[in-house]
Amino acid sequence: MARPPAAYEAAVPPRPACTYTSCYCEENVWKLCDYIRSQDQYPLEEFYAVFISNDRRMIPLWKQKSGHGDEPVVWDYHVILLHVSSGEQNFIYDLDTVLPFPCPFDVYSVEAFRLDDSLRPEFHRKIRMIRADLYLKTFASDRSHMKDANGKWQKPPPSYPCIETADSKMNLDDFISMNPKVGWGSVFPLPDFVHRFGKHTDYSYSLEGQ
């Protein structure tokens with residue numbers, strides 16, 4: 001018998017207490033990973049930063065806070081957090097959705113992803129999935145992508161310092177890219193992601209090293 005979602009304990013604080021800056025989803029997820037690392041509740045290796053994009057950088061998502069009614073929002077990319085839980089259900093953390101936080105994977109899949117089959121090919125979505133510990137070690141952004149041609153902010157940046165590593169101050173494009181030869185993690189089509197982490201999935205796979 002499936003364990004009810006109510007039995008699942010969230011890995012991060014309630015949505016209003018999380019570090020959040022609108023239009024900086026990649027940093028919001030980095031901060032969630034950093035919080036999980038600071039706690040002993042779950043192993044960090046169970047979590048993945050998930051970049052959603054495609055070669056045209058046009059991906060529709062439903063149930064986003066910036067959406068209107070049942071119309072999708074078309075992002076150039078979006079980033080969510082996946083928890084590959086030891087329970088019956090995996091969970092998605094998305095600070096930009098109107099769905100629950102966290103949200104059972106299958107609910108998020110049906111409500112926010114929907115199906116690529118109903119979309120024109122240029123809107124088909126791909127996934128880049130990076131284990132949280134690797135994401136924390138490798139991701140860097142100087143936020144330059146959020147400045148216009150005159151150097152003015154298109155959206156106000158987070159108040160904390162830019163995230164950087166010893167090797168880089170800006171590598172966001174390597175994460176948004178859906179070229180598997182670039183960057184970190186694994187790249188695959190959205191339907192494969194849904195099949196792999198939905199409820200009726202064989203949990204015997206190994207994600208070591210991804």
Side-chain angles (χ1 to χ4, degrees), residues 8-53 59 61 75-87 90-97 101-103 105 108 126-146 155-188 190 193 196-197 203 205-210:
Y8 176 77
E9 290 187 25
V12 300
R15 192 182 333 233
C18 291
T19 301
Y20 174 79
T21 309
S22 177
C23 297
Y24 290 83
C25 54
E26 65 281 352
E27 295 199 33
N28 296 333
V29 167
W30 194 96
K31 285 290 189 180
L32 291 178
C33 294
D34 192 42
Y35 178 88
I36 293 163
R37 177 172 59 181
S38 73
Q39 308 296 307
D40 290 326
Q41 185 179 2
Y42 291 110
L44 187 59
E45 293 76 18
E46 293 181 0
F47 294 85
Y48 294 82
V50 177
F51 280 71
I52 310 158
S53 192
I59 53 113
L61 286 177
W75 299 114
D76 50 351
Y77 68 95
H78 189 46
V79 191
I80 58 179
L81 184 70
L82 167 67
H83 182 196
V84 181
S85 169
S86 57
N90 297 320
F91 285 85
I92 294 287
Y93 292 79
D94 180 1
L95 285 162
D96 291 291
T97 190
F101 181 83
C103 186
F105 186 97
Y108 192 93
K126 292 183 179 179
I127 296 291
R128 179 182 291 272
M129 186 172 157
I130 311 101
R131 210 166 67 182
D133 54 339
L134 184 61
Y135 190 53
L136 287 170
K137 288 177 190 170
T138 56
F139 173 78
S141 175
D142 62 8
R143 302 170 183 158
S144 55
H145 66 297
M146 293 301 289
K155 296 288 183 180
S159 57
Y160 54 82
C162 291
I163 298 166
E164 57 183 61
T165 69
D167 299 322
S168 180
K169 292 188 183 299
M170 181 60 169
N171 58 22
L172 175 59
D173 276 346
D174 289 346
F175 289 91
I176 299 171
S177 170
M178 291 298 143
N179 178 352
K181 296 178 181 178
V182 171
W184 298 267
S186 302
V187 176
F188 35 85
L190 177 66
F193 179 70
R196 191 171 182 180
F197 296 103
Y203 285 88
Y205 54 75
S206 171
L207 289 163
E208 287 302 313
Q210 293 186 8

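Residues forming a ring-ring contact (aromatic ring centres under 6.0 Å, His included) with Phe105 (at least two apart in sequence, or on another chain): Phe193. Annotation: side chain to side chain contact (heavy atoms under 4.5 Å, CB included) contacts of Thr97 (sequence neighbours excluded): Arg15, Lys63, Gln64, Asp94, Leu99, Tyr108. Annotation: ring-ring contact (aromatic ring centres under 6.0 Å, His included) contacts of Phe101 (sequence neighbours excluded): Tyr93.
Contact record, Ser168 with Ala140: O-CB, 3.4 Å, taken as the closest heavy-atom pair. Heavy-atom minimum distance, Ser141 versus Met170: CA-SD, 3.5 Å. In terms of heavy-atom proximity, Leu44 sits nearest to Cys33 at CD1-O, 3.7 Å. Closest approach of Val182 and Ser177 over heavy atoms only: CB-OG, 4.1 Å. Here the closest heavy-atom approach between residue Asp76 and residue Ser53 is recorded as O-OG, 2.8 Å. Summarising the geometry of Ser85 relative to Asn90, their closest heavy-atom pair is N-OD1, 3.0 Å, with the distance given to 0.1 Å.
The residue from Cys162, Pro157, Pro158 that alone fulfils the side-chain contact (heavy atoms from CB on, under 4.5 Å) condition with Glu27 is Pro158. Partner of Lys31 under the side-chain contact (heavy atoms from CB on, under 4.5 Å) criterion, chosen from Thr19, Thr21, Val12: Thr19.
The closest side-chain heavy-atom distance from Tyr20 to Asp96 is below 4.5 Å. Contact of the Cys18 side chain with the Asn28 side chain is not registered, since no non-hydrogen atoms from C-beta on lie closer than 4.5 Å. Considering only heavy atoms from C-beta on, Ile130 comes within 4.5 Å of Phe51 through its side chain. You'll find the side chain of Phe139 reaches within 4.5 Å of the side chain of Leu172, heavy atoms only. A heavy-atom distance below 4.5 Å is not found between the side chains of Leu32 and Phe47. A heavy-atom distance below 4.5 Å is not found between the side chains of Trp184 and Arg131. Looking at Leu136 and Asp133, their side chains never come closer than 4.5 Å, going by heavy atoms from C-beta outward.
Distance check: Cys23 SG to Arg143 CZ gives 13.5 Å after rounding to the nearest 0.5 Å. Within the model, atoms CD1 of Ile127 and CZ of Arg196 stand 11.5 Å from one another, a figure rounded to the nearest 0.5 Å. With rounding to the nearest 0.5 Å, the separation of CE in Met129 from CD1 in Ile80 is 10.0 Å. With values rounded to the nearest 0.5 angstrom, Arg128 atom CZ is found 13.5 Å from Ile52 atom CD1. One distance of note links CG of Asn179 with NZ of Lys126; it measures 8.5 Å at 0.5 Å rounding. Rounding to the nearest 0.5 Å places CD of Glu26 at 8.0 Å from CD1 of Ile163.
Between His78 and Trp75, the ring planes lie parallel to each other; the angle is under 30°, not in the 30° to 60° tilted range. Between His83 and Tyr8, the ring planes lie tilted relative to each other; the angle falls in the 30° to 60° range.
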Query - side-chain contact (heavy atoms from CB on, under 4.5 Å) between Ile36 and Leu81, worked out - result: CA-CA 11 Å; Ile36 293 163; Leu81 184 70; 3.7 Å; yes
Query - Test log, rule ring-ring contact (aromatic ring centres under 6.0 Å, His included), inputs Phe175 and Tyr77 - result: CA-CA 10 Å; Phe175 289 91; Tyr77 68 95; over 10 Å; no
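A donor-acceptor contact closer than 3.5 angstrom links the side chains of Asp142 and Ser144.
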